[in-house]
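The structure appears below as structure tokens.
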Amino acid sequence: MSTTPTLSVYNSLTRNKEEFKPLVEGQVSMYVCGPTVYSDVHIGNVRTFISFDVIYRTLLYLGYKVRYVRNITDVGHLLDDGEDRISKGARKLQLEPMEVVQKYTNGFHDVMRTFGTLPPSIEPRATGHIIEQIEMVQAIMDNGYGYESNGSVYFDTEKYIADQPELYGQLSGRKVDELLTETRSELKGSSDKKNPSDFAIWMKAGEDHIMRWNSPWSEGFPGWHLECSVMSTKYLGDTFDIHGGGNDLKFPHHENEIAQNMGACGCQPSRYWLHTNMLLMNGRKMSKSEDNSISPAELLSGDSKHITQPYHPMVIKFFMLQSHYSSTLDISDEALLAADKGYRRLCEGLKTLEGLGLSAKNQTPGARDAELLKLLDDIDTELCDDFNTPKAVAKIFEILPLINGYKGGTIAADQLSADALQQTSVKLQRIFSDVLGLQSTLDDQSGGGKALDHVMELVLDMRQSARQSKDWDTSDKIRDGLAAAGITVKDAKEGSTWTIN
RNA sequence: GGUCGGGUGGCCGAGUGGUUAGGCAGAGGUCUGCAAAACCUUGUACGGCGGUUCAAAUCCGCUCCCGACCUCCA
């Protein structure tokens, strides 16, 4: 086996692909902006969290000890009209705000479990960290970067820009003088600010605002960006390794997060910033108002005019992994269908390999061992190149003809050694399930359990007898009947196999 | 308007100064009682116009088109 290649990641902060070196050798601290739990989770959210799940899994695979923190935003995230998202949900559903939060947090967890992602190491909630947020507001004020105005506290971007002209706007590529003259924040009706680019770190609650806490400045609630600054540094330290999130959070959310951390402790929170790109439908960012949106539930049930059939969560996940996390991905029925077929072939190939790995007898080196093992090594190389799952997946597909060819006899038995096949089997299984987080859809297809297995064994046995006596009418009748019942029979030299469609 | 990113073959999607990405679909073949699967072979490609270079889809300039962000969003 070759040595593990060096991991490199694209750092949004420097706009360069850099060698990844964690702060503490062998350990990685990673923070990812989680969902705001005010409604059912968006499929675009799912893509982002699947991307970071694979990043998390790859880091574990590479032997790092990882602390992965992903928050739940349950307060402070305001709508255009200034109403808190959670409060609005509560009003609409006539529930306690925390009931809304619980309902959609549960839903979020269910969906993520369906897609086979690992839970983060810590999943903190904004409402559980009000005290820490108040403390950070105080620290920012003590350092001269925050000012109180009518019970609310704002971050003083003008002072921050004066002190750190290179920093503010670095992540999002914004020009500071434009930020200062930006006038659109008037939308928020906040005339309490000194500059339009200033943002709230503590907001005084209005009369009818449900979610409110006591603070030195007013009864109110924390600003949206603050929770991430607080929770990331609380659990990962003032400076940690990776901060991730959707590309659309770069500005203002992440930019302001950096400003807050700098304002509070004078240091950058994260060393590497990783951003995932948007999921598109019909070439545009999904949006309910433009009718180009599909929910996780609709994808799984097939109940949407955008798709012709339900899709297995693993197929959807596989579809996503065939593009790079930093690229936009256009979702469509045609593309999902292609992924579905490809995924099925992949699963069958891996199943075949598993059998070969156990049954191969050739103890001498094979002429094509090197070719196979090279492809195997290439997978690691691709994963280490900024978590390039599409290329890693392509390598697996390049291995398939070797496996199937060996099984089918077009590749002679002495061409591949038992050892190489065994090694490939073990490694691919690991890549497939541990790193990519995929599960074969073939297994749960025989979900009827043992009874169905026995029935099928009997039926196929009877058909085999018919075939041996060249009773094609009977053998075809059995096959057609099974096909009508949704079971595909495939004949091979060693016998017939079956799968449920 | 500002900032950033992108335009790749029928579809999705990698990649990048010279050598097949990959998947799906299509075509031909092998195998098979037939079918399915598998295997082999295979076509169509890098928005447009210039420039740099021995060589550009890949670098530079211009241009057209698209998207994201700038306001809540993963």
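A quick note: this is a predicted structure, and the numbers were derived from the prediction, not measured. So that the names make sense, note that chain A is the first sequence line, chain B the second, and so on, each numbered from 1.
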Select one nucleotide: of [options], the one nearest the side-chain heavy atoms of [X].
| X | options | result |
| --- | --- | --- |
| A:Phe397 | B:rC70, B:rA14, B:rG22 | B:rG22 |
| A:Leu249 | B:rC40, B:rC70, B:rA74 | B:rA74 |
| A:Pro401 | B:rA14, B:rC69, B:rC39 | B:rC39 |
| A:Lys391 | B:rG13, B:rA37, B:rA14 | B:rA14 |
| A:Ala338 | B:rA21, B:rC69, B:rG23 | B:rG23 |
| A:Arg15 | B:rC40, B:rC4, B:rA74 | B:rC4 |
| A:Gln322 | B:rC12, B:rC40, B:rG23 | B:rG23 |
| A:Thr410 | B:rC70, B:rC39, B:rA74 | B:rC39 |
| A:Asp476 | B:rC70, B:rC12, B:rG33 | B:rG33 |
| A:Pro390 | B:rA36, B:rA14, B:rC12 | B:rA14 |

Provide the distance between the two [atom1] atoms, one in [N] and one in [M], to the nearest whole Å.
| N | M | atom1 | result |
| --- | --- | --- | --- |
| B:rA55 | B:rC40 | C1' | 33 Å |
| B:rU53 | B:rA21 | C1' | 26 Å |
| B:rU20 | B:rU52 | P | 28 Å |

Hey, is the main chain of A:Gly357 close enough, under 3.5 Å, to the side chain of A:Ser425 for a donor-acceptor pair?
no
Taking any heavy-atom pair under 4.0 Å as a contact, classify [X]: base, sugar-phosphate, or nothing.
| X | answer |
| --- | --- |
| A:His275 | nothing |
| A:Glu398 | sugar-phosphate |
| A:Ser475 | base |

Quick check: do [X] and [Y] have side-chain heavy atoms less than 4.5 Å from each other?
| X | Y | answer |
| --- | --- | --- |
| A:Glu257 | A:Leu249 | no |
| A:Phe49 | A:Thr117 | no |
| A:Asn16 | A:Asn11 | no |

Can you find a donor-acceptor pair, distance only, under 3.5 Å between A:Arg47 side chain and B:rA74 base?
no
Determine whether any donor atom in the side chain of A:Asn247 lies under 3.5 Å from an acceptor atom in the base of B:rC69, or the reverse, and answer yes or no.
no
Measure [atom1]/[X] against [atom2]/[N] and give the value in whole Å, please.
| X | N | atom1 | atom2 | result |
| --- | --- | --- | --- | --- |
| A:Arg345 | B:rG22 | CZ | P | 11 Å |
| A:Leu280 | B:rC11 | CG | C1' | 15 Å |
| A:Tyr325 | B:rG15 | OH | P | 11 Å |
| A:Ile307 | B:rC11 | CD1 | P | 21 Å |

Judged by each residue's nearest nucleotide on RNA chain B, which is more toward the 5′ side, A:Gly342 or A:Val489?
A:Gly342
Tell me which of A:Thr488 and A:Phe319 sits closer to the 5' end of RNA chain B, going by the nucleotide each one is nearest to.
A:Phe319
Are OP1 or OP2 of [N] and a side-chain N or O of [X] less than 4.0 angstrom apart?
| X | N | result |
| --- | --- | --- |
| A:Ser327 | B:rA14 | yes |
| A:Asn404 | B:rA38 | no |
| A:Lys395 | B:rG22 | no |

Which residue in the set A:Asp491, A:Asp480, A:Asp473 passes salt bridge (charged side-chain N to carboxylate O under 4.0 Å, His left out) when paired with A:Arg463?
A:Asp491
State the pairing partner of B:rU44; accept Watson-Crick or G-U wobble contacts with both distances under 3.5 Å, and report none otherwise.
none
A:Thr73 and A:Asn71 side chains, donor-acceptor separation under 3.5 Å
yes
Can a donor-acceptor pair be found between the side chains of A:Glu298 and A:His306 at a distance below 3.5 Å?
no
Should A:Trp472 be counted as stacked on B:rG33, where stacking needs a ring-centre gap under 5.5 Å and an angle between planes under 30 degrees?
yes
